[in-house]
Amino acid sequence: MRVSRLMLVTLRDNPAEAEITSHQLLLRAGYIRRLAPGIYAYLPLMWRVLRKVAEVVREEMDSTGALETLLPQLQPAELWQRSGRWSGYTAGEGIMFHLEDRQGRELGLGPTHEEVVTSLAAELLRSYRQLPVNLYQIQTKFRDEIRPRFGLMRGREFIMKDAYSFHADEDCLRRTYAAMDQAYRRIFARCGLHAVAVEADSGAIGGSASQEFMVTADAGEDLILTSSDGRYAANQERAVSLAAAAVPLPGGCRSAGTGELLNTPNQTSIGDLCSAHGFDPSQIVKVLLLLARFDSGREQPLLVCLRGDQQLNEVKLANAIAAQLAAEQGSLLGITPLSADMLEQQGLPPLPFGFVGPDLGDAVLAGARRWSCSFVRLIDHTAASLESFVCGGNQPDSHRVGVSWSGLGLKPEPLDLRSAQAGDRCLHDPDQLLQASRGIEVGHIFQLGRKYSQAMEACFTSETGASEPFWMGCYGIGVSRLAQAAVEQHHDGNGIRWPLAIAPFEVVVVPANGADTTQASLAEQLYTALGRAGVDALLDDRAERAGVKFKDGDLLGIPWRVVVGRGAATGMVELVDRRGGEPRELEASHLLDLLLPEIERQRRGLLEP
RNA sequence: CGGGGCGUAGCGCAGCUUGGUAGCGCGGAUGCUUUGGGAGCAUUAGGUCGCAGGUUCGAAUCCUGUCGCCCCGACCA
């Protein structure tokens with residue numbers, strides 16, 4: 001390809017819309033253009049990158065025996081109603097774009113394809129003899145993100161590879177899951193990305209085990225915690241750890257564990273209490289009041305207890321709540337903190353926020369207009385294991401000191417509701433400490449189990465002749481996100497440094513002075529020869545000064561540059577590695593001999609030979 | 001939706017406080033010079049100042065409303 005024909009428009013300044021480096025560079029280098037929030041045009045250069053990523057994905061998926069397919073993006077609501085996800089995905093903060101056709105039929109624009117693929121499997125896969133099957137597609141997905149951002153990182157329209165596997169038993173699912181794990185590692189390595197696999201929360205997709213693949217980068221939206229020995233890595237949403245030991249409360253229990261009243265005027269926070277009375281945060285039980293909303297319409301007040309030095313992990317809380325109530329109340333739509341306004345709307349008297357104890361009675365909810373009239377009470381194990389503690393007095397400006405659970409008449413059932421933090425001790429080895437880093441989630445694999453097949457009655461006939469729901473797995477890779485993550489991980493002050501395996505072009509041939517016919521014709525010759533040798537080559541034939549062409553080449557991130565300059569008269573050219581190092585002078589006739597093996601090697605990315 | 005910010009030429013911005021009829025840099029076009037790291041000079045095109053209403057002799061500027069976009073939080077590949 002000739003640069004003059006490339007519709008290349010590069011920008012010198014960063015567009016104001018872009019915040020993170022990868023987004024800025026993709027805009028500046030003419031890879032993408034924004035059409036609306038979260039909706040981007042992939043310009044020809046970007047499309048070449050995406051095709052290369054897709055091809056790596058395709059090759060690795062195919063080599064595991066997975067079958068490529070292409071499923072409809074427009075999906076009937078009925079299918080989603082059968083799985084029970086329609087309302088959760090459309091109502092309230094749902095992420096599915098949906099619409100009505102002229103016949104009044106409701107349709108959704110696919111954010112994911114479990115329903116479609118499961119209904120197909122139910123029709124086509126009748127016998128255990130046909131299993132296992134793993135279907136995948138590479139396709140545009142639609143999600144009505146609340147706040148799209150960072151270019152391709154979180155778009156409302158994005159390209160994803162999604163795969164769905166069907167199995168006769170759980171063991172077989174585990175084997176495919178493990179095969180996907182290996183395939184994913186190869187995919188990211190081949191794309192030249194440093195990625196780490198972390199334990200993850202399954203989120204809205206559901207299922208049991210799940211693992212995310214994170215491209216490590218400071219701009220990443222996820223916090224990941226890893227042990228220094230490398231044996232444990234998890235998303236913070238999911239991470240578990242040992243909390244630091246609590247500082248024992250001097251004096252222990254008082255008044256048989258009912259505690260002694262302490263006057264605490266306006267001391268509503270843990271920090272206030274500690275500085276006023278010399279407590280350690282770990283001596284206090286903090287109480288959070290929240291409201292969970294369910295698909296069924298139920299609005300359930302929650303009372304959550306944590307040790308004062310711990311932070312609530314909302315994902316763990318949501319999972320705990322869903323486990324208790326989702327069976328009868330349908331999917332959990334959301335959890336929000338209780339506020340004075342909300343109490344007022346329910347016709348309830350105000351609560352002493354900041355002074356609430358774990359034993360706050362259900363009486364305070366009596367007469368609520370819509371809420372359930374008793375709290376669901378959840379206690380984190382850090383709080384549950386305290387022998388004696390400080391807590392709110394359930395009236396303004398008072399706390400109690402030397403309280404115990406039995407003194408309050410409560411029997412805590414400890415749950416894990418706290419967020420693990422950097423510096424915490426690991427469960428697998430308390431000598432190991434967790435370290436924090438940031439990551440961009442580029443892949444996620446799930447063992448779904450039989451959640452969807454049961455809901456949608458997708459069954460096969462087993463070896464014993466019984467009708468059984470499929471065991472399922474699903475496996476996603478954000479293809480467009482991966483491409484941008486690559487930029488986030490591989491750039492410098494001059495622009496992008498694509499890993500060669502996914503670079504739009506592998507080499508750019510630059511005649512330093514295009515008006516010099518010797519240079520121009522040698523450049524042309526090398527460009528043709530590279531093309532014949534199967535190299536994706538670019539010829540910068542623009543009537544620009546050398547500096548401009550160099551700058552643009554760096555910005556675009558083409559891995560190799562061949563400069564045909566003053567040396568052209570004697571058949572000498574210069575080879576420059578975008579990753580750095582000194583330019584190499586060489587005879588043009590030797591270029592291919594030198595460059596082809598290099599390119600061949602780099603096409604494997606980070607994969608070991 | 002809550003909090004913050006911004007809408008002026010294709011892009012990045014100034015002008016607004018103190019109203020007087022729009023400017024800078026980059027980019028585009030043309031010509032000459034230049035030609036190994038985003039060249040120089042000259043000429044030139046391009047703007048309903050987001051939109052609507054109001055105040056005023058006069059509004060980019062003041063007031064009211066509205067729309068849009070960006071950032072922080074809740075959602076996720």
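All of these numbers come straight from a predicted model, not from anything done at the bench. Quick note on labels: first sequence line is chain A, next is B, and so on, each numbered from 1. In what follows, every heavy atom counts, from backbone to side chain, and hydrogens, waters and symmetry copies are set aside.
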Q. Within 45° of the axis and under 6.0 Å from the centre of the six-membered ring of Phe150(A), does NZ or CZ of Arg154(A) qualify?
A. no

Q. Is the charged tip of Arg33(A) near the ring of Tyr40(A): under 6.0 Å from the six-membered ring centre and within 45° of its axis?
A. no

Could you run down the sub-3.5 Å N/O contacts of the protein with nucleotides 3-6 of chain B?
none

Roughly how many Å apart are [M] and [N], using the [atom1] atom of each and rounding to a whole number?
N: rA45(B); M: rU61(B); atom1: C1'; answer: 28 Å
N: rA14(B); M: rU8(B); atom1: C1'; answer: 10 Å
N: rU56(B); M: rC63(B); atom1: C1'; answer: 12 Å
N: rC49(B); M: rU21(B); atom1: P; answer: 15 Å
N: rG25(B); M: rC32(B); atom1: P; answer: 24 Å

So what does [X] touch, heavy atoms closer than 4.0 Å: a base, only the sugar-phosphate, or nothing?
X: Gly553(A); result: nothing
X: Met153(A); result: base
X: Thr10(A); result: base
X: Asp554(A); result: base
X: Arg28(A); result: base
X: Glu314(A); result: nothing
X: Leu482(A); result: nothing
X: Phe150(A); result: sugar-phosphate
X: Pro111(A); result: nothing
X: Gly514(A); result: nothing

Q: Take atom CZ of Arg34(A) as the centre, draw a 6.0 Å sphere, and report whether it contains more than 12 heavy atoms from other residues, nucleotides or ligands.
A: yes

Just how far, in rounded Å, is [atom2] of [N] from [atom1] of [X]?
X: Ile224(A); N: rC76(B); atom1: CD1; atom2: P; answer: 18 Å
X: Leu27(A); N: rC70(B); atom1: CG; atom2: P; answer: 12 Å
X: Glu221(A); N: rA74(B); atom1: CD; atom2: C1'; answer: 13 Å
X: Tyr475(A); N: rA77(B); atom1: OH; atom2: P; answer: 15 Å

**Q.** Nucleic acid contacts of residues 557-572 of chain A, taken as heavy-atom distances under 4.0 Å to RNA chain B
**A.**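 Heavy-atom contacts with RNA chain B come from Arg561(A), Val563(A), Gly565(A), Arg566(A).
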
Q: Taking only Lys NZ, Arg NE, NH1 and NH2, and the carboxylate oxygens of Asp or Glu, determine whether Arg2(A) and Glu524(A) approach each other closer than 4.0 Å.
A: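 Salt bridge present between Arg2(A) and Glu524(A).
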
With both distances under 3.5 angstrom, what nucleotide forms a Watson-Crick or G-U wobble pair with [N]?
N: rU34(B); value: none
N: rA77(B); value: none
N: rA52(B); value: rU64(B)
N: rA29(B); value: rU43(B)
N: rC24(B); value: rG12(B)

Q. Do Asn313(A) and Glu237(A) meet the criterion of a side-chain donor-acceptor pair at a distance under 3.5 Å?
A.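 Glu237(A) and Asn313(A) do not have a side-chain donor-acceptor pair below 3.5 Å.
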
**Q.** Donor on one side chain, acceptor on other, Asn319(A) and Asp201(A), under 3.5 Å
**A.**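 The answer is yes; a qualifying pair exists.
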
Q. Which residue, Leu526(A), Val508(A), Leu539(A), Val510(A), forms the side-chain contact (heavy atoms from CB on, under 4.5 Å) with Val562(A)?
A. Leu526(A)

(Q) Any side-chain to backbone donor/acceptor pair from Thr216(A) onto Gly439(A)? Under 3.5 Å, distance only. (A)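 No, the answer is negative, given that no donor and acceptor are paired below the 3.5 Å cut-off.
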
Q: Using atom types as modelled and distance alone, determine if a side-chain donor or acceptor of Glu574(A) lies under 3.5 Å from a backbone N or O of Arg584(A).
A: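 Not a single qualifying donor-acceptor pair exists.
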
Given [N], is OP1 or OP2 found less than 4.0 Å from the side-chain N or O atoms of [X]?
X: Arg545(A); N: rA39(B); value: yes
X: Arg143(A); N: rC75(B); value: no
X: Arg34(A); N: rC70(B); value: yes
X: Arg149(A); N: rC69(B); value: no

Q. Does the gap between the ring centers of Phe446(A) and Tyr475(A) come in under 6.0 Å?
A.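 No, ring centres 6.0 Å or more apart.
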
Q | Matching residue for Asp552(A) among Arg542(A), Arg561(A), Arg12(A), Arg545(A) - test: salt bridge (Lys or Arg N to Asp or Glu O under 4.0 Å) | A |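 Passing option: Arg542(A).
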
Q) Planes under 30° and centres closer than 5.5 Å, is that true for Phe550(A) with the base of rG38(B)? A)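 So no, this residue does not stack on that base, at least one cut-off failing.
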
Q.
When you measure only distances, ignoring hydrogens and angles, does the side chain of Glu544(A) come within 3.5 Å of the base of rG38(B) through a donor and an acceptor?
A.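 Side chain to base: no pair below 3.5 Å.
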
**Q.** Heavy-atom donor-acceptor pair, Arg154(A) side-chain to rC76(B) base, under 3.5 Å
**A.** yes

Q: Locate the shortest heavy-atom distance separating Leu25(A) from His491(A); write the atom from each residue and the value.
A: CD1-CB, 3.6 Å

Q.
Show the nearest heavy-atom pair for residues Asn513(A) and Gln519(A), with the distance to one decimal.
A. N-OE1, 2.7 Å

Q: Compare the minimum distances between each of rC75(B), rA77(B), rU35(B) and the side chain of Met160(A), then state the nucleotide with the smallest one.
A: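 The answer is rA77(B), which lies nearest to the side chain.
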
Q) Just one of Arg293(A), Gln346(A), Arg370(A) clears the side chain to side chain donor-acceptor pair (under 3.5 Å) bar with Glu299(A), so which one? A)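 Going through Arg293(A), Gln346(A), Arg370(A) one by one, the side chain to side chain donor-acceptor pair (under 3.5 Å) with Glu299(A) is satisfied by Arg370(A) alone.
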
Atom pairs, N/O to N/O, protein against nucleotides 8-14 of chain B, distance under 3.5 Å?
residue, atom, partner, partner atom, Å
rG12(B), OP1, Ala16(A), N, 2.8

